Number of protein chains: 2
Amino acid sequence: MVVYVNVEFLAKDAAKAAERGDLIVIIDALRCSSTVVTALANGARAIIPVKTLAEARRIHAENPDYILAGERGGLKPSGFNLGNSPLEYTRERVSGKTIILTTTSGTSALTYSRDADWILVGAFLNARAIAEKAYSIASAEGINVSVVQAGTRGRFSLEDFLCAGAIISELPKGGVELSDAAQASLLAFEHVKDDLLANVMRSRHARRLVELGFIKDIEFSCKKDLFPIVPIYRGGVISKIE
Amino acid sequence: MVVYVNVEFLAKDAAKAAERGDLIVIIDALRCSSTVVTALANGARAIIPVKTLAEARRIHAENPDYILAGERGGLKPSGFNLGNSPLEYTRERVSGKTIILTTTSGTSALTYSRDADWILVGAFLNARAIAEKAYSIASAEGINVSVVQAGTRGRFSLEDFLCAGAIISELPKGGVELSDAAQASLLAFEHVKDDLLANVMRSRHARRLVELGFIKDIEFSCKKDLFPIVPIYRGGVISKIE
């Protein structure tokens with residue numbers, strides 16, 4: 001069967017996609033999705049995304065063996081074990097661990113989509129794996145796919161748009177019908193795919209991260225298909241689909 | 001000075017752009033903008049865009065020498081002189097005339113932007129002329145530019161996105177700073193510019209117009225820079241900037 005694939009440009013539009021009964025792929029390529037994918041690839045058992053610092057600290061107080069992680073304004077909050085740099089999530093640090101993660105845009109997009117049955121987490125790092133799994137689930141269940149850009153502070157972000165296109169480029173040709181927004185993201189990705197990093201660097205969010213000293217995170221987050229990992233968010237927890 | 005250039009994906013976001021004090025370029029490439037540009041290029045004196053059929057008919061009753069024109073569901077309403085096909089707006093029919101025009105998406109975008117000081121109407125047909133004029137006005141006035149996609153029935157449309165990119169591609173390099181959305185549209189346009197028609201044809205709205213028999217309108221509307229015309233909407237009327 002043909003799966004209809006849409007792209008939503010803003011985190012809040014995840015709620016509409018959930019209402020429609022779509023399988024949702026949340027993208028926050030810089031850096032929340034990339035962090036989630038890397039942590040699971042390096043053996044983290046689960047990630048608990050939470051909205052507020054207070055909630056993160058409360059869960060950590062009750063579960064002191066969990067890793068307390070995340071960012072505000074791109075930086076690691078005081079007293080946290082890890083920030084939001086995928087490169088921090090090494091096997092030595094995260095294997096077998098549960099991570100409490102609070103970020104701004106990425107966590108917000110997950111919250112908006114919480115009523116959906118299927119919520120996957122996509123990045124450049126796992127674009128192909130996400131495309132294959134999203135297609136196989138959606139065609140088996142007879143539902144549509146909505147790729148939702150988390151964006152930056154509630155606004156459209158170029159890097160998430162290109163990442164949506166990267167995922168869409170890996171869907172089976174002939175097996176999908178693309179919305180206008182999905183086609184737009186695919187055209188832009190096809191134009192830059194051989195020079196992805198330089199184009200992601202032009203985004204407002206990337207320039208901000210460079211200022212904060214996180215250029216290596218951007219370089220790493222642009223490595224397409226480094227990890228064949230599919231994170232799924234269900235029951236308040238993100239884990240790896242085996 | 002450097003002019004900041006943004007793209008808004010939906011007609012209703014013209015209101016935000018007007019609030020910010022931006023120069024607004026309204027795009028409804030299929031077909032309202034293309035019709036406006038063609039009519040003015042062929043000597044129409046002015047175009048009065050109105051929202052409702054009733055309002056259009058009322059103005060026409062008071063001014064029977066005006067041309068009553070527009071569409072609903074893509075088709076010419078009963079009793080109207082012209083539809084929304086740019087190809088109908090020949091010099092023989094429109095030279096020296098005033099046109100009352102009611103369309104769905106394009107007229108709506110103009111209404112949302114009405115509080116702005118500068119509202120221009122852009123299409124593929126006049127992309128370069130619009131870019132040059134928008135830049136020269138915005139840099140002289142010290143304001144930003146918002147290119148607003150009229151979209152289709154309140155939704156994102158691929159053809160307007162590509163048209164936004166076409167206009168942005170003609171802005172002076174080094175003279176502008178592009179928002180993430182503006183960069184996204186430019187990347188997509190650059191990818192398809194040598195095969196514009198085939199890509200515009202993939203949009204939902206174009207497929208609908210083909211079904212209705214308007215394929216020639218799409219072919220015509222994709223002719224980039226056919227007319228060096230800049231339509232301006234002011235005081236309720238669209239006319240040509242001389």
Side-chain angles (χ1 to χ4, degrees), chain A residues 4-10 12-13 16 20 29-30 105 146-147 149-166 168-169 173 176-196 198-209, chain B residues 4-10 12-13 16 20 29-30 105 146-147 149-166 168-169 173 176-196 198-209:
Chain A
Y4 185 78
V5 178
N6 185 35
V7 170
E8 297 287 356
F9 296 136
L10 300 173
K12 69 182 171 57
D13 294 328
K16 291 193 297 184
R20 292 193 297 263
L30 295 178
S105 304
S146 277
V147 179
Q149 304 180 204
T152 308
R153 299 178 190 192
R155 292 175 61 185
F156 175 89
S157 71
L158 179 62
E159 71 277 13
D160 290 341
F161 183 71
L162 294 175
C163 186
I168 288 164
S169 76
K173 309 282 171 277
V176 292
E177 186 191 339
L178 303 182
S179 73
D180 278 25
Q183 292 186 67
S185 70
L186 178 59
L187 293 175
F189 172 72
E190 291 290 346
H191 194 61
V192 305
K193 65 183 176 188
D194 296 328
D195 198 13
L196 190 55
N199 283 280
V200 165
M201 281 292 188
R202 292 181 186 170
S203 69
R204 194 172 26 124
H205 190 47
R207 284 176 285 157
R208 171 74 180 144
L209 288 172
Chain B
Y4 185 77
V5 178
N6 185 35
V7 171
E8 297 287 355
F9 296 135
L10 301 173
K12 69 182 171 60
D13 295 328
K16 291 192 297 183
R20 292 192 298 260
L30 295 177
S105 304
S146 277
V147 180
Q149 304 180 205
T152 308
R153 298 178 191 194
R155 292 175 62 187
F156 174 90
S157 71
L158 179 62
E159 71 277 13
D160 290 341
F161 183 71
L162 294 175
C163 186
I168 288 164
S169 76
K173 310 280 170 277
V176 291
E177 186 190 338
L178 303 182
S179 74
D180 278 25
Q183 292 186 66
S185 71
L186 179 59
L187 293 176
F189 171 72
E190 291 289 346
H191 193 60
V192 304
K193 65 183 175 187
D194 296 327
D195 197 12
L196 191 56
N199 283 281
V200 165
M201 281 292 189
R202 292 181 186 170
S203 69
R204 194 172 26 121
H205 189 46
R207 284 176 286 157
R208 171 74 179 143
L209 289 171

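The structure presented is a predicted model; accordingly, all values stated were derived computationally and were not measured. Chain letters run A, B, ... following the sequence lines, proteins first and then strands; every chain starts at 1.
- In terms of non-hydrogen atom pairs under 4.5 Å with chain A, the most contact-rich of B/R202, B/H191, B/R204 is B/H191.
- Residues passing the side chain to side chain contact (heavy atoms under 4.5 Å, CB included) test with B/D13 are B/E8, B/L10, B/K16, sequence neighbours excluded.
- Proximity to chain A (any heavy atom under 4.5 Å) is restricted, for B/L162, to the side chain, taken from C-beta onward.
- For B/F9, the part lying near chain A is the side chain, with the backbone staying farther off; criterion is any non-hydrogen pair under 4.5 Å.
- B/A188 and A/A184 get closest at one heavy-atom pair: CB-O, 4.1 Å.
- Other residues, nucleotides and ligands place no more than 12 heavy atoms under 6.0 Å from the CZ atom of A/R153.
- In this view, B/S105 satisfies the side chain to side chain donor-acceptor pair (under 3.5 Å) rule with no residue, not counting sequence neighbours.
- Side chain of A/D180 to backbone of B/L158: a donor-acceptor contact under 3.5 angstrom is found.
- Heavy-atom distances place both the backbone and the side chain of B/F156 under 4.5 Å from chain A.
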